[in-house]
Trainee: 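I am attaching a structure below and will ask some questions about it afterwards.
Keep in mind that what you see is a predicted model, and the values were worked out from it rather than measured.
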Amino acid sequence: MENDLNTSIVDSHQHFWQVGRFDYPWMSPELGVLNQDYLAAALDPTLKRCGVDKTVLVQASNSVEETRWLLSLSDQCRFIAGVVGWVDLMSDDVGHQLDEFVTRPNFKGVRHLVESEPADDWLIQPKVVRGLRALATKGISHDLLVHTRHLKYARSVAEQCPELRLVINHMAKPPIARGEISEWASELKKIADCPNVSCKLSGLVTEADWKNWKSRDLRPFVDKALEYFGSKRLMFGSDWPVCLLAATYDQVLESMQSLLADLNDEERSRIFERNATDFYRLG
């Protein structure tokens, strides 16, 4: 497909990995298509075809070593404008870990696989909050990989750390396949009241019925995100290659463009490019 927007596109959320190189706790045999290496050569032609100029490369392992690797990939790749890596937010050494990475121009944010933590309230542990405040002090953002059950704790973090820029990944993974919107919408609305929180329109096709989803299945959820966050705090993300469980990159982009077609050019430009550029300070 071709870019039908009068603007460049920034994909705020994509991944690279090499099977076995790092610990990927989410990778399981039933995720068949994901159990292989995904690197820049596989994505570059698709981005060119779709008119996507820049991406944000996001961690997939709670590993400092993976972050170093992702940064090295970004140095060699034409389209990676920023890297969201990982530091140990609970460590007394978190400041020193950040000192290493903030010297790298492409290091833009930190993410932790919160959804893999046994404790739903992991985000509000005192050591974690201390680590998040260290991010804010250094001007580094935090990506929230959370589900509905985590949103009340994420809101607490947003209130405790008002200087910290936060972005919810994948709209907090709403239960699209089950069509259950009420609880998710209620919790999302509450955290959207925090002005330092943004939200990614990403990862939705894999929350729908993988084999039979339609854009209309996503619409009620996207409409709620638009209502709560407005066009100034939403950003497009493909979640490639995870999206391949349910859709091609082209289908993800085309679906989101159709869902946002009623917005004006300014609003669509924000969601597909400017908000990610501003949030991650891509330059």
Trainee: Between W184 and M171 (side chain of the first, backbone of the second, donor and acceptor by atom type, cut-off under 3.5 Å), is there such a pair?
Mentor: yes

Trainee: Main chain of A172, side chain of H147: is a donor-acceptor contact present, judged purely on distance under 3.5 Å?
Mentor: no

Trainee: For the pair S255 (side chain) and Q251 (backbone), establish whether a donor and an acceptor sit closer than 3.5 Å, ignoring hydrogens and angles.
Mentor: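 Flag not set: sc S255 to bb Q251 has no pair under 3.5 Å.
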
Trainee: Stepwise, does the salt bridge (charged side-chain N to carboxylate O under 4.0 Å, His left out) test hold for E100 with R68?
Mentor: CA-CA 10 Å; E100 173 189 345; R68 294 185 182 119; 2.7 Å; yes

Trainee: So that I can tick it off, tell me whether K54 and D11 are bridged by a salt bridge, with the cut-off set at under 4.0 angstrom between side-chain N and carboxylate O.
Mentor: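 K54 and D11: not salt-bridged.
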
Trainee: Counting distance only, does the side-chain N/O of D239 pair as donor-acceptor with the main-chain N or O of V242 below 3.5 Å?
Mentor: no

Trainee: How far apart are the C-alpha atoms of Q160 and S156, what are their side-chain angles, what is the distance that settles it, and do they pass the side-chain contact (heavy atoms from CB on, under 4.5 Å) test?
Mentor: CA-CA 6 Å; Q160 291 181 65; S156 176; 2.9 Å; yes

Trainee: Under the salt bridge (Lys or Arg N to Asp or Glu O under 4.0 Å) rule, what pairs show up with a residue in residues 82-92, not counting sequence neighbours?
Mentor: D92-R130

Trainee: Go through the side-chain N and O atoms of D93 and H96 and say whether any donor and acceptor fall under 3.5 Å apart.
Mentor: yes

Trainee: Under a 4.5 Å cut-off applied to non-hydrogen side-chain atoms, are V10 and T55 in contact?
Mentor: no

Trainee: Is the distance from the ring center of F272 to that of F236 below 6.0 Å?
Mentor: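 Yes; F236 has its ring centre under 6.0 Å from that of F272.
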
Trainee: What about W86 and L57, same hydrophobic cluster or not, with Ile/Leu/Val/Met/Phe/Trp/Tyr joined at side-chain heavy-atom distances under 4.5 Å?
Mentor: yes

Trainee: Report yes or no: do L282 and I271 belong to one cluster of Ile/Leu/Val/Met/Phe/Trp/Tyr joined by side chain heavy-atom distances under 4.5 Å?
Mentor: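 Different hydrophobic clusters.
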
Trainee: So does S28 get a backbone contact from the side chain of N35, meaning a donor-acceptor N/O pair under 3.5 Å?
Mentor: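 Between the backbone of S28 and the side chain of N35 there is a qualifying donor-acceptor contact (under 3.5 Å).
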
Trainee: Could you tell me how the ring of Y24 sits relative to the ring of W26: parallel (under 30°), tilted (30 to 60°) or perpendicular (over 60°)?
Mentor: tilted

Trainee: Where do V94 and L89 come nearest, in terms of heavy atoms and distance?
Mentor: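 Smallest interatomic distance, heavy atoms only, reads CG2-CA, 4.2 Å.
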
Trainee: Walk me through it: do E115 and K173 pass the test salt bridge (charged side-chain N to carboxylate O under 4.0 Å, His left out)?
Mentor: CA-CA 10 Å; E115 66 176 4; K173 298 194 170 184; 2.9 Å; yes

Trainee: Determine the minimum heavy-atom distance between F107 and L71, stating which atoms define it.
Mentor: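 Reported closest heavy-atom pair: N-CD2, 3.9 Å.
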
Trainee: Could you check whether atom CG of D262 has more than 12 heavy atoms from other residues, nucleotides or ligands sitting under 6.0 Å from it?
Mentor: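 No, the 6.0 Å shell around CG holds no more than 12 heavy atoms from other groups.
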
Trainee: Would you say R233's side chain and V167's backbone share a donor-acceptor pair under 3.5 angstrom?
Mentor: no

Trainee: Report yes or no: do I140 and V56 belong to one cluster of Ile/Leu/Val/Met/Phe/Trp/Tyr joined by side chain heavy-atom distances under 4.5 Å?
Mentor: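 Hydrophobic grouping puts I140 apart from V56.
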
Trainee: Mind checking side-chain hydrogen bond (donor to acceptor under 3.5 Å, both in side chains) for D75 and listing every partner two or more places apart, or none if nothing turns up?
Mentor: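 side-chain hydrogen bond (donor to acceptor under 3.5 Å, both in side chains) list for D75, sorted by chain: R104.
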
Trainee: Could you tell me if the side chain of L151 sits less than 4.5 Å from the side chain of I168, heavy atoms only?
Mentor: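 I168 vs L151: side chains touch.
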
Trainee: Give a yes or no on whether V58 and L245 share a hydrophobic cluster (residues Ile, Leu, Val, Met, Phe, Trp, Tyr; joining criterion: side-chain heavy atoms under 4.5 Å apart).
Mentor: no

Trainee: Please examine the side chains of I9 and D53, heavy atoms only from C-beta on, and report whether any two atoms are closer than 4.5 Å.
Mentor: no

Trainee: What is the minimum heavy-atom distance between L70 and V84, and which atoms define it?
Mentor: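 So the two residues come closest at CD1-O, 4.5 Å.
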
Trainee: For W69 and F22, I'd like to know if the aromatic rings sit close, meaning centre-to-centre distance below 6.0 Å.
Mentor: yes

Trainee: Any donor-acceptor pair under 3.5 Å linking the side-chain atoms of T277 with those of E273?
Mentor: yes

Trainee: Show, in sequence, the C-alpha distance, side-chain angles and deciding distance for L263 and L226, and conclude whether the side-chain contact (heavy atoms from CB on, under 4.5 Å) test is met.
Mentor: CA-CA 10 Å; L263 300 181; L226 272 169; 4.1 Å; yes

Trainee: Check whether any side-chain heavy atom of V146 sits under 4.5 Å from a side-chain heavy atom of L123, and report yes or no.
Mentor: yes

Trainee: More than 12 foreign heavy atoms under 6.0 Å from CD of E183: is that the case here?
Mentor: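 It does not: E183 CD has 12 such atoms or fewer within range.
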
Trainee: Sorted by first residue and then second, give each salt bridge (Lys or Arg N to Asp or Glu O under 4.0 Å) pair with at least one member in residues 16-30; sequence neighbours left out.
Mentor: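 Listed once each, the pairs would be none.
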
Trainee: Hey, could you give me the NE2/CG distance between H142 and L166, rounded to the nearest 0.5 Å?
Mentor: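 With rounding to 0.5 Å, NE2 (H142) is 6.5 Å from CG (L166).
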
Trainee: Between D120 and K152, is there a side-chain N and carboxylate O pair less than 4.0 Å apart?
Mentor: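 Judged by the 4.0 Å cut-off on N to carboxylate O distance, D120 and K152 do not form a salt bridge.
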
Trainee: Using every non-hydrogen atom in the two residues, find where L113 and Q59 come nearest and quote the distance to one decimal.
Mentor: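 Looking at all heavy atoms of both residues, the shortest contact is CD2-OE1, 3.4 Å.
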
Trainee: Run the numbers on L188 and F229 for side-chain contact (heavy atoms from CB on, under 4.5 Å), then give the verdict.
Mentor: CA-CA 9 Å; L188 193 74; F229 287 94; 3.8 Å; yes

Trainee: Minimum heavy-atom separation for L164 to N196, with atom names?
Mentor: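 Closest heavy-atom pair between L164 and N196: O-ND2, 3.0 Å.
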
Trainee: When you compare the side chain of H150 with that of V114, does any pair of heavy atoms fall below 4.5 Å?
Mentor: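 Yes, at least one pair of side-chain atoms sits under 4.5 Å.
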
Trainee: Is a side-chain N or O of N275 found less than 3.5 angstrom from the main chain of S231, in a donor-acceptor match?
Mentor: yes

Trainee: Please determine whether a side-chain nitrogen of the Lys or Arg among E266 and R274 lies less than 4.0 Å from a carboxylate oxygen of the Asp or Glu.
Mentor: yes

Trainee: Examine distances only and state if a side-chain atom of S141 and a backbone atom of Y280 form a donor-acceptor pair shorter than 3.5 Å.
Mentor: no

Trainee: Can you list the steps and then say if R78 with D44 is a salt bridge (charged side-chain N to carboxylate O under 4.0 Å, His left out)?
Mentor: CA-CA 9 Å; R78 66 161 190 91; D44 197 7; 2.6 Å; yes

Trainee: To the closest 0.5 Å, what do you measure between NE2 (H170) and CG (L204)?
Mentor: 9.0 Å

Trainee: Between the side chain of R270 and the main-chain N/O of K232, is any donor-acceptor distance below 3.5 Å?
Mentor: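 A pair under 3.5 Å: no.
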
Trainee: Can T248 and V252 be said to form a side-chain contact (heavy atoms from CB on, under 4.5 Å), step by step?
Mentor: CA-CA 6 Å; T248 64; V252 170; over 6 Å; no

Trainee: What is the distance from atom CD of E117 to atom CH2 of W122, rounded to the nearest 0.5 Å?
Mentor: 5.5 Å

Trainee: Under 4.0 Å between a Lys/Arg side-chain N and an Asp/Glu carboxylate O for R268 and D265?
Mentor: yes

Trainee: Quick check: is V83 connected to V87 through a chain of hydrophobic side chains (ILVMFWY, heavy atoms under 4.5 Å apart)?
Mentor: yes

Trainee: Just how far is it from atom NZ of K200 to atom CG of L144, taken to the nearest 0.5 Å?
Mentor: 10.0 Å

Trainee: So which atom in L39 and which in F16 form the shortest heavy-atom distance, rounded to 0.1 Å?
Mentor: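 For L39 and F16, the tightest heavy-atom pair comes out as C-CE2, 3.4 Å.
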
Trainee: Side chains of S186 and K190, heavy atoms from C-beta outward: is any pair under 4.5 Å?
Mentor: yes

Trainee: Got a second to check how far H15's NE2 is from L43's CG, nearest 0.5 Å?
Mentor: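 The distance works out to 11.5 Å.
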
Trainee: Measure the spacing between CG of N169 and NE2 of H13 and express it to the nearest 0.5 Å.
Mentor: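 The NE2 atom of H13 is 4.5 Å from CG of N169, to the nearest 0.5 Å.
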
Trainee: Would you say Q14's side chain and S238's backbone share a donor-acceptor pair under 3.5 angstrom?
Mentor: no

